[in-house]
Participant: 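Mind having a look at this structure? Questions to follow.
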Amino acid sequence: MDLSTLNPQQARAVRHGEGPILVLAGAGSGKTRVITTRIAYLISRGVAPENILGVTFTNKAAAEMRERVGHVVPRDVAKRVNLGTFHALGVRLLRAEIGHLGFDPRFTILDEADKRRVMRDVLKELRLGADRSEQRVLAIVSKAKNARTSPARLPEAKYNPEMPRAQKVFDLYNRQLRNLNAVDFDDLLLLPTRIFDERPDVRDAYRERFRYVLVDEYQDTNPIQMHLLSQLVGPPYNLMAVGDDDQSIYGFRGAVADNILRFGDHYPGTTVVALEQNYRSVGAVLDLANAVIAKNTARHPKRLWSQYDSGEPVRLVEYDDEHAEAEGIAELIVRTVRDEGRAYDAFAILYRSNGQAASLEEALRQQSVPYRMLGGQSLFDRKEIKDTLAYLRLLLNSRDELSLRRVINFPPRGVGVMTLSRLDERAKEQGRRFGDVVFEALDEPGAIEPKAVDKVRELFRLLDTARTRLRTAPGHDLSEIARDLVKGLRLEEAVRSAEKNPNIARIRWQGVEELLDRLDTFAASRSAWAALDDYVQIVTLDTSNTGRERDEEGEPRVTLATMHSSKGLEFPIVYLCGLNDGVLPHENALDEGSSGVAEERRLFYVGVTRARERLTLTRYRLREVRGSRERCPQSRFLEDIPPGLLDLSDAPAVASAEEQRATNAMNFARMRALLDD
DNA sequence: AGTAGAGGCGTTTTT
DNA sequence: CGCCTCTACT
């Protein structure tokens, strides 16, 4: 196999034999290339593709990996390699093995909204949280699951006045999920580890299967993921971990950057390879990146270098406010496209939080700049889409109570809250399933509003018919089955009449059509049931499914993305906006103290290192906070940059952030005094 | 049972 | 400022 295009460090990593290896890969140092080449190398050495497992964190990364493996080995061979996200791997393991825990393998994966509803009911049941504190409680639950601990042991739970009975809430929530035959996102990782803990024989079967494991973005692993990996990898520990501690930006999700720093402790005899040569960015960008990250302590010291020219200096531009900033960036893009003949897809605008996207979108639209947005709100956040999806879920899992509840009265069937709570009561009393109770109540006079009975019967009948067809039909009938169901339900009429504005109604229905269209792409050569199962799974797992992404082909577009979702990508020209204290670093992170600030700094570093040729940083003076505007100091990170690394000609000197903070505090105190009088 | 209006809440990042 | 929820009304 030809490895001559790799640098010596890359080649060493690729050629590594058996045993654990850690690849410390700086930004832009060709880590994806190392992983894909190693997969090809292993195959060339006689390892069966089925025995290789490549794990990533995001669906985007998994897709790219698959694509690139397809370039280095024949297509049909590439297909046999196991590639996917941690969560997709979890689903696969659970579909096969969840029986060991007493779940039905047709379990449902809860999305964010479902989860909230379950937790809401739990809090109500325990007579806790009269207000809507369920997301805070859920955050604690999620943290506990990710840390493989009980919530009672989390300091957050102990000191959180909203959650005096953390353990009880946690237990009831989990019990509730089991009743629903449902799992949440964290369970996709947690439950497999539980199965492997209880059944070493099952675990060993997978060890046998996944002889070589490669993990991308290892710095983002949290304790469950670590544990799952150590279960999956047995002697001689053929695990390749690739990552960069400087790009650890998922601490909020339980990631422990320490995992990568201490990989060698965990796997004695680890080979360590460091990739520091950057193949992406010009010198000016790298110098800035190095300067930014150097302020963080507790890191593997490293310094990116490159053979490229220094390029243009990185510019800092100041605007009046967020809107002026958005317009300014849009203008700069338009001008660059016009004067330099660049295509729109050469540009990316990156920001800290999704809220910042609004004014950018507005400005780009106004100046007719085509754009696409990564992440952000998904097509699947819309009510009518969720309703349709709930029907599809119901086909796969008739025990899916949440979906049944969601759609039992949409389209309206005359089943109101009164009826619903009566049925609920009965289900709880008799300890039976909601769906079964509903089904039986149909034959019982008075249990359900007479007007509603026929309609609910019709609902069950339609579901049954579709289910029967689904079980026997081939994959390419799936879309037709779904369409027949939707037609029978009169869903279109319901969706359209729920919206007064006819234009919006049309758009809403179009979304549903689009969802049904996508079913066709899942036809493949398998049963309709399997195809639908796959579809629903991918839809719940891939939150980056935006409506627009589909027509991404064709016209080149500017990319809008959060710094988080930009990780792993690169663009010739990058704008990092909102470099203001409270925005980046985010004010919530500031409350978390120095570790919070350090993570924000890494986030800044990730943003900077996305740029290949040209980088512009922007900040603004005035921030709008719920209507009123106030002065907003520049990001403290800008103050750490040595003079000379930034072109400041469009950024008037400002009072230091320290002084500005002091002024703000003084104004605040003065106002307080006025109010007190 | 379904709808319209008025409060109340809250706003990081993602699989 | 905008979204969602609860409540009172038809």
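The chains referred to below are lettered A, B, ... by the order of the sequence lines, with proteins before strands, and numbering in each begins at 1.
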Participant: Taking atom P of dG2(B) as reference, at what distance in whole Å does atom CZ of Arg413(A) sit?
Facilitator: 11 Å
Participant: For a quick test of reading the model: is some side-chain N or O of Asn222(A) closer than 4.0 Å to OP1 or OP2 of dT15(B)?
Facilitator: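 No, no such contact exists.
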Participant: Between dT15(B) atom P and Leu110(A) atom CG, what is the distance in whole Å?
Facilitator: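 Distance check: Leu110(A) CG to dT15(B) P gives 17 Å.
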Participant: Looking only at side-chain atoms of Asn588(A), point me to the closest of dT13(B), dT11(B), dG2(B).
Facilitator: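 Nearest to the side chain of Asn588(A) among the choices is dT11(B).
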Participant: Does the side-chain ring of Phe86(A) lie flat on the base of dT15(B), meaning centres under 5.5 Å and planes less than 30 degrees apart?
Facilitator: no
Participant: Take the protein atom CG of Leu93(A) and the nucleotide atom P of dT15(B), then report the distance between them rounded to whole Å.
Facilitator: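 These atoms are roughly 20 Å apart.
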Participant: Rounding to an integer number of Å, can you tell me how far Gln225(A) CD sits from dT15(B) C1'?
Facilitator: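 That distance rounds to 9 Å.
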Participant: With a 4.0 Å cutoff (strictly under), does any side-chain N or O of Asn354(A) reach OP1 or OP2 of dT14(B)?
Facilitator: yes
Participant: Verify the contact: side-chain N or O of Arg120(A) to OP1 or OP2 of dC6(C), cut-off strictly under 4.0 Å; return yes or no.
Facilitator: yes
Participant: Would you kindly say whether Tyr250(A) and Glu217(A) are connected by a side-chain donor-acceptor distance under 3.5 Å?
Facilitator: no
Participant: Measure the CG-CG distance between Leu239(A) and Leu214(A) for me, rounded to the nearest 0.5 Å.
Facilitator: 8.0 Å
Participant: Can you measure Leu584(A) atom CG to dT11(B) atom P for me and round it to whole angstrom units?
Facilitator: 20 Å
Participant: Give one of base, sugar-phosphate or nothing for Phe57(A), where a contact means two heavy atoms less than 4.0 Å apart.
Facilitator: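 Here Phe57(A) touches the backbone only, sparing every base.
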Participant: Indicate whether any N or O donor in one side chain lies under 3.5 Å from an N or O acceptor in the other, for Asp184(A) and Tyr173(A).
Facilitator: yes
Participant: Taking dT13(B) as the reference, what is the distance to dC4(C) when you measure between their C1' atoms (whole Å, please)?
Facilitator: 23 Å
Participant: Check if the side chain of Arg253(A) and the base of dT15(B) share a donor-acceptor pair of N or O atoms closer than 3.5 Å.
Facilitator: no
Participant: Between His564(A) and Phe252(A), what is the ring plane arrangement, given parallel below 30°, perpendicular above 60°, and tilted in between?
Facilitator: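 Taking Phe252(A) first and then His564(A), their aromatic rings stand perpendicular (interplane angle over 60°).
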Participant: Salt bridge or not for Glu599(A) and Arg602(A), using N-O below 4.0 Å?
Facilitator: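 Yes, Glu599(A) and Arg602(A) are salt-bridged.
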Participant: Write down the distance between CZ (Phe604(A)) and C1' (dT12(B)), rounded to a whole number of angstrom.
Facilitator: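 Between C1' of dT12(B) and CZ of Phe604(A): 18 Å.
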Participant: Does Thr562(A) have a side-chain nitrogen or oxygen under 4.0 Å from the phosphate oxygens OP1 or OP2 of dT14(B)?
Facilitator: yes
Participant: Students often get this wrong, so: under 4.0 angstrom with heavy atoms, is Asn409(A) touching a base, only sugar-phosphate, or nothing?
Facilitator: sugar-phosphate
Participant: Rounded to the Å, how far apart are Ile538(A) CD1 and dT15(B) P?
Facilitator: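 Roughly 15 Å, once rounded to whole Å.
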Participant: Rounded off to whole Å, could you give me the OH-to-P distance for the Tyr250(A) and dT15(B) pair?
Facilitator: 6 Å
Participant: Is the shortest side-chain N/O distance from Thr419(A) to OP1 or OP2 of dA1(B) below 4.0 Å?
Facilitator: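 So the side-chain polar atoms of Thr419(A) do come within 4.0 Å of the phosphate oxygens OP1 or OP2 of dA1(B), strictly under.
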Participant: I want to confirm an ordering. Mapping Ala589(A) and Val415(A) to their closest nucleotides on DNA chain B, which one lands closer to the 5' end?
Facilitator: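 Its nearest nucleotide lies further toward 5', so the answer is Val415(A).
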Participant: Given dT14(B), dT15(B), dG2(B), identify the nucleotide with an atom nearest to the side chain of His564(A).
Facilitator: dT14(B)
Participant: Would you kindly say whether Tyr605(A) and Gln247(A) are connected by a side-chain donor-acceptor distance under 3.5 Å?
Facilitator: no
